[in-house]
S.K.: 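My questions all concern the structure below.
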Amino acid sequence: MVLSFVFLLALAAHAQQVLHVAAAADLEPVLPKILTEFTAATGIQADASYKSSAVLATQILNGAPFDLFMAADLSFPEKVIAAGMAEETQPVVYAQGTLVLWTRNDTPFAKLSPATLEATLRDPAVKTIAVANAEHAPYGRAAQAALTHMGLYDTLKPKLVVAENIAQTAQFVESGNAQLGLISLTSAKTARLAASGHYAEVPREDYPPLEQGAIVVKHAGANAAAARRFLLFLATPKIVDELRAGGLAPATISRVK
C-alpha cells in the first residue's frame, strides 16, 4: 500500500511538471501547436509567453522563472549567457526567420511581388509602413538593415509606424493603420493574413541572417531536463517540417545536443 501511495505521488508530480517558455513574438503563429504535440508525446505540460526578444531577455535577467528562452536572434540569449544565467555557452540555433513586405488586398498596392517590392516602397503613394522597433525586436533590426541596404531608410523614416514587436507590426498593417508592413513570414502565413493580403519576401542579402537562438535558463527550481527535451523535440524531422510550413527555415547550424 505504501508503494502504491509513492507511485501515485510520483504520477502526480509528473502530471504537474510544466515547461515555461519565453518565446519571441514571431513564434506565436507556429509554437502553440508544437507545444501541444510536445505535451502529447511526453506528458510534460508546456506554456509560452510571447513578447519581443529584448523584453523577454530583460525579464529573465530580472529573475522571471522561464525554463527556456526562444529568441528571434542570437544577441539576446547571448546577453543572458553573459550574465551566467544559461546552461549553454552559446545559443542553440533552431531556425531561421524570413522578412517579408505584406499588404492588404484592398490597398492600391495589390500587385506587390518580389519584382515590384522595391518600386512599391519607393512609390510616393505609400504614406505609412509598419515596422517593429529595431531596439527591441530582431525583425525590426532586419527591416532597418534592409531599407538601409536599398538606400531608402532616410527617405522612408518619416513614414515608419513603429510597433513594439513583430506581432504588433502585423496588427498595424492588418488593421489598416499602415499601408505596408515589414513583418515575419510566420505572421504572413497565418490563415487570417493569407486571406486578407499578400506578401513578397525581402531579398535575404538585404539584411543579416535572422538566426533564431534558444537557451535553457538557470534559476531556482528550473526545469532544465524538460527544456532540453523540448530542444531535441524541435530538431525532429516532423517538427522541422512544421516550422518550415509556418515560415521558419531550418537552421543551417545545429547545436542541439
S.K.: A side-chain contact here means heavy atoms from C-beta on lying under 4.5 Å apart; do Leu210 and Arg141 qualify?
M.R.: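 They are not in contact (no side-chain heavy atoms under 4.5 Å apart), so the answer is no.
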S.K.: Quick one: does any side-chain atom of Thr236 pair with a main-chain N or O of Leu232 as donor and acceptor, under 3.5 Å?
M.R.: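 No, Thr236 side chain to Leu232 backbone: no donor-acceptor pair under 3.5 Å.
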S.K.: Output yes when a side-chain donor or acceptor of Thr39 lies under 3.5 Å from a complementary backbone atom of Ile44, and no otherwise.
M.R.: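 Indeed, once roles are kept as given, a pair shorter than 3.5 Å links the two residues.
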S.K.: Which atom pair, heavy atoms only, marks the closest approach of Leu56 to Ala23?
M.R.: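 Shortest heavy-atom contact: CD1-O, 3.2 Å.
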S.K.: Hey, does Leu27 have a side-chain heavy atom less than 4.5 Å from the side chain of Ile34?
M.R.: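 No, their side chains stay 4.5 Å or more apart.
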S.K.: Would a 4.5 Å heavy-atom cut-off, applied to side chains only, mark Ile129 and Val161 as touching?
M.R.: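 Not in contact.
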S.K.: Answer yes or no: is there a side-chain heavy-atom contact under 4.5 Å between Thr58 and Leu61?
M.R.: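 They are not in contact (no side-chain heavy atoms under 4.5 Å apart), so the answer is no.
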S.K.: Side chains of Lys51 and Ser49: donor-acceptor distance under 3.5 Å anywhere?
M.R.: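 Lys51 vs Ser49: donor-acceptor pair found between side chains.
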S.K.: Please determine whether a side-chain nitrogen of the Lys or Arg among Lys238 and Glu37 lies less than 4.0 Å from a carboxylate oxygen of the Asp or Glu.
M.R.: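 Judged by the 4.0 Å cut-off on N to carboxylate O distance, Lys238 and Glu37 do form a salt bridge.
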S.K.: For a quick test of reading the model, state the closest non-hydrogen atom pair linking Pro91 to Ile215 and the distance between them.
M.R.: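 Residues Pro91 and Ile215, closest heavy atoms: CA-CG2, 3.9 Å.
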S.K.: Please report the C-alpha distance between Val131 and Val162 in whole Å, then the side-chain angles of each, then the deciding distance to 0.1 Å, and finally whether the side-chain contact (heavy atoms from CB on, under 4.5 Å) criterion is met.
M.R.: CA-CA 5 Å; Val131 295; Val162 181; 4.2 Å; yes
S.K.: Return each pair, listed once, that meets ring pair (Phe, Tyr, Trp, His ring centres under 6.0 Å) where at least one residue sits in residues 27-64; pairs must be two or more places apart or across chains.
M.R.: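 Passing the test, one end in residues 27-64: Phe38-Phe230, Phe38-Phe233.
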S.K.: CG/Asn223 to CD/Gln45 distance, rounded to the nearest 0.5 angstrom?
M.R.: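 Those atoms lie 12.0 Å apart.
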S.K.: How close do Val202 and Leu101 get, counting heavy atoms only, and between which atoms?
M.R.: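 Scanning both residues completely, I find the closest heavy atoms to be CG2-N, 4.1 Å.
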S.K.: Let me confirm one number: the CD-CG distance from Glu201 to Leu117, rounded to the nearest 0.5 Å.
M.R.: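 Interatomic distance, Glu201 CD to Leu117 CG, rounded to 0.5 Å: 10.5 Å.
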S.K.: Roughly how far, to the nearest 0.5 Å, is NZ of Lys33 from CG of Leu31?
M.R.: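 Output value for this atom pair is 11.5 Å.
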S.K.: Measure the shortest side-chain to side-chain distance between Glu211 and Asp73 over non-hydrogen atoms and say whether it is less than 4.5 angstrom.
M.R.: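 SC-SC contact between Glu211 and Asp73 ruled out.
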S.K.: Indicate every side-chain donor-acceptor pair of residues 78-87 with a distance under 3.5 Å to a residue at least two apart or in another chain.
M.R.:
{"from": "Glu87", "atom 1": "OE1", "to": "Arg228", "atom 2": "NH2", "distance (Å)": "3.3"}

S.K.: Verify, without hydrogens or angle tests, whether Lys127 (side chain) and Pro124 (backbone) share a donor-acceptor contact under 3.5 angstrom.
M.R.: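 Judged by distance alone, yes, a pair lies under 3.5 Å.
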S.K.: Applying side-chain contact (heavy atoms from CB on, under 4.5 Å), run through Asp206 and Thr148 and close with a yes or a no.
M.R.: CA-CA 8 Å; Asp206 286 3; Thr148 301; over 6 Å; no
S.K.: So which atom in Phe69 and which in Ser53 form the shortest heavy-atom distance, rounded to 0.1 Å?
M.R.: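 Minimum heavy-atom contact is CZ-O, 3.5 Å.
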S.K.: Within the structure provided, determine whether Met70 and Leu234 are in side-chain contact (heavy-atom separation under 4.5 Å).
M.R.: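 When only atoms from C-beta onward are counted, Leu234 and Met70 do touch, with a gap below 4.5 Å.
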S.K.: So, the side chain of Ser184 versus the backbone of Ile166: is there a donor-acceptor pair under 3.5 Å, distance only?
M.R.: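 Side chain of Ser184 to backbone of Ile166, a donor-acceptor pair under 3.5 Å: no, none is there.
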S.K.: What are the two closest non-hydrogen atoms of Trp102 and Ala188, and how far apart are they?
M.R.: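 Closest approach of Trp102 to Ala188, heavy atoms only: CD1-CB, 4.0 Å.
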S.K.: Using atom types as modelled and distance alone, determine if a side-chain donor or acceptor of Ser187 lies under 3.5 Å from a backbone N or O of Ile183.
M.R.: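 Side chain of Ser187 to backbone of Ile183, a donor-acceptor pair under 3.5 Å: no, none is there.
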S.K.: For a side-chain contact (heavy atoms from CB on, under 4.5 Å) check, start with the C-alpha distance between Leu99 and Leu185, then their side-chain angles and the critical distance, and finish with the verdict.
M.R.: CA-CA 6 Å; Leu99 184 70; Leu185 183 57; over 6 Å; no
S.K.: For the side chain of Glu88 and the backbone of Val216, is there at least one donor-acceptor N/O pair under 3.5 Å apart?
M.R.: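 At least one qualifying donor-acceptor pair exists.
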S.K.: Strictly by ring pair (Phe, Tyr, Trp, His ring centres under 6.0 Å), give each pair with a member in residues 151-210 just once, sequence neighbours left out.
M.R.: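 For residues 151-210: none.
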S.K.: Heavy-atom distance under 4.5 Å between the side chains of Thr98 and Arg204, does that happen here?
M.R.: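 Yes, side chains in contact.
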S.K.: Using side-chain heavy atoms (C-beta onward) and a distance below 4.5 Å, is Asp67 in contact with Val217?
M.R.: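 Answer no - side chains too far apart.
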S.K.: Answer yes when Asp154 and Lys157 have at least one side-chain N-carboxylate O distance shorter than 4.0 Å, and no when they do not.
M.R.: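 Judged by the 4.0 Å cut-off on N to carboxylate O distance, Asp154 and Lys157 do not form a salt bridge.
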S.K.: Okay, side chain of Thr107, backbone of Thr103: is any donor-acceptor separation there less than 3.5 Å?
M.R.: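 Between the backbone of Thr103 and the side chain of Thr107 there is no qualifying donor-acceptor contact (under 3.5 Å).
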S.K.: Side chains of Thr155 and Arg122: donor-acceptor distance under 3.5 Å anywhere?
M.R.: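 Result is no, nothing qualifies.
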S.K.: Give a yes-or-no answer on whether the side chains of His20 and Asp47 include a donor-acceptor pair shorter than 3.5 Å.
M.R.: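 Yes, because at least one side-chain N or O of His20 sits under 3.5 Å from a partner of the opposite role on Asp47.
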S.K.: Same cluster or not: Leu112 versus Val126, using hydrophobic residues (I, L, V, M, F, W, Y) connected whenever any side-chain heavy atoms lie under 4.5 Å apart?
M.R.: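 Same cluster: Leu112 reaches Val126 through Ile, Leu, Val, Met, Phe, Trp or Tyr contacts under 4.5 Å.
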S.K.: Report yes or no: do Leu35 and Phe66 belong to one cluster of Ile/Leu/Val/Met/Phe/Trp/Tyr joined by side chain heavy-atom distances under 4.5 Å?
M.R.: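 Different clusters: Leu35 never reaches Phe66 through Ile, Leu, Val, Met, Phe, Trp or Tyr contacts under 4.5 Å.
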S.K.: Run the side-chain contact (heavy atoms from CB on, under 4.5 Å) test on Leu193 and Lys189 for me, step by step, so that the C-alpha distance in whole Å, both residues' side-chain angles and the decisive distance to 0.1 Å come before the verdict.
M.R.: CA-CA 7 Å; Leu193 266 64; Lys189 279 182 168 286; over 6 Å; no
S.K.: Treat each ILVMFWY residue as a node, draw an edge where side-chain heavy atoms are under 4.5 Å apart, and state whether Leu243 and Leu68 are in one component.
M.R.: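 Yes: a chain of side-chain contacts under 4.5 Å links Leu243 to Leu68.
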S.K.: Is any NZ, NE, NH1 or NH2 atom of the basic residue among Glu174 and Arg104 found under 4.0 Å from an Asp or Glu carboxylate oxygen of the other?
M.R.: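 No, Glu174 and Arg104 are not salt-bridged.
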S.K.: Side-chain heavy atoms nearer than 4.5 Å, only ILVMFWY residues, links allowed to pass through others: does that put Phe109 and Leu156 together?
M.R.: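 Yes, Phe109 connects to Leu156 through the hydrophobic network.
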S.K.: Is it true that Val30 and Ile239 fall in one hydrophobic cluster, defined by side-chain heavy atoms closer than 4.5 Å?
M.R.: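 Same hydrophobic cluster.
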S.K.: Do the side chain of Gln144 and the main chain of Gly140 share a donor and acceptor less than 3.5 angstrom apart?
M.R.: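 Not confirmed, Gln144 side chain does not pair with Gly140 backbone.
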S.K.: Would you name the heavy atoms of Ala72 and Asp26 that are closest together and state the gap between them?
M.R.: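 Heavy atoms only, the tightest pair is CB-OD1, 3.9 Å.
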